[in-house]
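Everything below concerns the one structure shown next.
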Amino acid sequence: MKTKIDYFDYDTLLQPTDWRFAAAVVGLCKYFDYFGIDYKVLYDVEEKPDNYIHGFDGIIYKSEDITEEKYLEFAENYFEKYMTHKNILNILESQEFSEEQIKLVNDLVKSKTVLKGLFDKIKFDGTNKDIFISTIEENRAEIIKNIFKNGNNLYKNYCNERLIFTEDNSTCRLRGYNVDKDRKTSNLGFCFSKESFGSNDILEFDFIPFAFSNSDMRETYFVNNNFSVKSLTQTNYAFSNQLSSTENKDDKNKLMLVLQNSKDYISYDVEIISKSQDKAYYETFFVRLERLKKLRELSGKSLNFVKKINDDYWFNLEKEVYMRCLNNVLLDDVILMMLKFYFDDNAVKGYIKSRTDMLIDINVSWKGNDIMDEIKSAKSCGFLTSKKLIEMKSSNKINSYKQKIISALCAHDYDRAKEIILSLSAYVGMEFSFFYTFLENAEENKDLAFAFASALIEVSSKNN
């Protein structure tokens, strides 16, 4: 919440009452620190402003310290590697230029509309660098603003680019919050009344892009642990650094791996806001400490398995498990998918089996069911049954029974699953000790059937 105050020489208080204001606080702190501008943290001052909101920290500052000139300078520095004109100026520091450098400068000019407009009829030839340098310097503010506001991974990803550094807007400038005021506000209001629609927007929301992590990722994150300004700034700093150092993973997997190793700065329930370049809105999910502990328990477990399902979807086992862990969703469907993958052409059956067995153990621990002894018994029974079928010259029935059990489990037909397992028990002349627990409550103890089906495997293929 932004509040006008009369507090010594300061006139504005910004408190992180929701994630938008929290992100604005983090971005503003970076801005103030960059320029060495004086501001106060609410929790650090003994005498509080009269009209602050109790229960929230905040920052106290002078509104006059926020200027467009400083804002653009800050944006140029913070997102320096995306500032095309800076790359051009760096090249132009040379005294002599190769053909490759000349071509690169001209390609960089062509890559940005604002630069093409400024150098419409001028082409860099290696001898006219002074013209390029002076033109860039004279139009620097315009260049920065256009590059920043139109960058798909910069301002445009977070806010309506037409509203950069504007005030008194009728709707919020943020993506997903912004509305075409001439066409849509009547549809948002109660009983289609335009007057009943309410929205808030402040200039400080322009600092939200600086609060999100790693702009080189297609999906960026902001951790809204708004217990204090200190926790907000330090957590997001550490979070962003860890994301930067996590390589060779997609954005969601990076997030999961960082959360696994976040115990030094996240030890409580937190809200995480994500913004993908592929979506015109923000997404929110809550990370519960209980689930975060479960996620950290997965550290060190090998869940590497990726399979193409179709052109639009790749099944990533690690990602599926991590997301279900955070969302408090069991692994039943993932286990069934892995059991079905076993029958795919060119499937590495032993590898799939080892991952499936690990998933079953994780699933049982998440459920809190005290059936690990029965799980071991089911795996043992499955292995011994496979061995017996091979001895009986009936190895072809291993996959037959395995498929039947999996099909029944996929259909949630537990009576059918019981019949198949009983039939197999009679066929091989073996008693399955785990079956009695499965019989008592098949749905609750379905992991026993998962474990038994997973263990039905031809001995010769175990090492594949």
Side-chain angles (χ1 to χ4, degrees), residues 27 30-31 33-37 66-166 173 175 206-220 240-241 243-245 247-248 250-251 275-278 280:
K30 293 179 180 180
Y31 169 84
D33 291 341
Y34 174 75
F35 288 108
I37 296 172
I66 301 174
T67 66
E68 185 170 10
E69 181 182 0
K70 281 189 171 68
Y71 178 80
L72 293 176
E73 181 185 339
F74 176 58
E76 181 188 43
N77 177 267
Y78 193 87
F79 295 110
E80 182 175 9
K81 67 179 179 179
Y82 305 108
M83 294 294 159
T84 310
H85 66 289
K86 293 274 287 186
N87 296 330
I88 293 173
L89 290 174
N90 288 337
I91 297 171
L92 296 182
E93 288 179 358
S94 303
Q95 297 302 315
E96 297 181 357
F97 304 94
S98 64
E99 290 297 322
E100 184 179 342
Q101 287 175 312
I102 292 172
K103 182 179 183 300
L104 179 57
V105 169
N106 288 315
D107 287 344
L108 287 171
V109 169
K110 293 176 185 176
S111 69
K112 299 299 178 184
T113 302
V114 63
L115 293 175
K116 281 197 295 184
L118 291 172
F119 298 102
D120 185 27
K121 297 180 180 179
I122 305 173
K123 191 171 183 179
F124 182 63
D125 59 11
T127 64
N128 54 351
K129 77 171 188 177
D130 291 341
I131 296 175
F132 275 74
I133 293 173
S134 62
T135 302
I136 289 173
E137 292 297 347
E138 289 169 8
N139 299 277
R140 198 171 189 122
E142 179 189 352
I143 294 170
I144 297 168
K145 187 172 185 177
N146 276 274
I147 291 176
F148 180 55
K149 76 175 185 177
N150 293 311
N152 289 329
N153 63 331
L154 304 177
Y155 187 88
K156 186 177 180 179
N157 184 38
Y158 303 95
C159 307
N160 183 334
E161 66 274 19
R162 296 192 301 273
L163 301 180
I164 187 171
F165 223 83
T166 57
R173 69 191 67 206
R175 294 289 179 193
D206 272 347
F207 289 88
I208 285 177
F210 304 99
F212 276 73
S213 65
N214 316 75
S215 52
D216 56 340
M217 295 167 57
R218 288 199 65 82
E219 185 165 335
T220 57
S240 185
N241 280 349
L243 284 169
S244 295
S245 62
E247 299 178 353
N248 302 321
D250 66 30
D251 295 345
K275 180 62 182 71
S276 170
Q277 293 178 39
D278 302 320

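With rounding to the nearest 0.5 angstrom, the CD atom of E99 is 10.0 Å from the CD atom of Q101. Atom NZ of residue K86 and atom CD1 of residue I144 lie 8.5 Å apart, to the nearest 0.5 angstrom. Atom CG of L118 and atom NZ of K121 lie 14.0 Å apart (nearest 0.5 Å). Here the straight-line distance linking atom CG of L108 with atom CD1 of I91 works out to 5.5 Å at 0.5 Å rounding. In this structure, CD on E93 lies 8.5 Å from CD1 on I133, to the nearest 0.5 angstrom. Here the straight-line distance linking atom NZ of K112 with atom CZ of F119 works out to 15.0 Å at 0.5 Å rounding.
Here the closest non-hydrogen pair linking I88 and V105 is CG2-CG1, 4.2 Å. Smallest separation of non-hydrogen atoms from Y31 and I66: OH-CA, 3.5 Å. The shortest non-hydrogen separation linking L72 to A141 is CD1-O, 3.7 Å. Nearest heavy-atom pair, G27 versus A211, reported as atom, atom and distance to 0.1 Å: N-CB, 4.1 Å. Of all heavy-atom pairs between E73 and Y34, the closest is OE2-OH, 3.8 Å. Nearest heavy atom pair, residue V109 against residue F132, reads CG2-CE2, 4.0 Å.
Residue pairs meeting the side chain to side chain donor-acceptor pair (under 3.5 Å) criterion with at least one member in residues 140-153, sequence neighbours excluded, are E68-K145, E76-R140, E137-R140. Residues in residues 156-166 take part in these side chain to side chain donor-acceptor pair (under 3.5 Å) pairs, two or more places apart or across chains: N157-K275, Y158-T220, N160-N178, E161-R175, T166-N169. Every pair passing ring pair (Phe, Tyr, Trp, His ring centres under 6.0 Å) that includes a residue from residues 76-112 is listed here, sequence neighbours excluded: F74-Y78, Y78-F210, F79-F148, F79-F210, F97-F124.
With hydrogens and angles disregarded, a donor-acceptor distance shorter than 3.5 Å links the side chain of D125 to the backbone of T127. At least one donor-acceptor pair under 3.5 Å links the side chain of N128 to the backbone N or O of K123. Checked by atom type and distance alone, the side chain of R173 pairs as donor or acceptor with a backbone atom of L163 at under 3.5 Å.
D206 is listed as a side-chain neighbour of Y155, based on a closest heavy-atom distance under 4.5 Å. The side-chain heavy atoms of I143 and L115, taken from C-beta on, include a pair separated by under 4.5 Å. By the 4.5 Å heavy-atom criterion applied to side chains, T84 and S111 are counted as neighbours.
Ion pairing between K116 and D120 fails under the 4.0 Å rule for side-chain N and carboxylate O.
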- Check step by step if side-chain contact (heavy atoms from CB on, under 4.5 Å) holds for V114 and I147. CA-CA 8 Å; V114 63; I147 291 176; 4.3 Å; yes
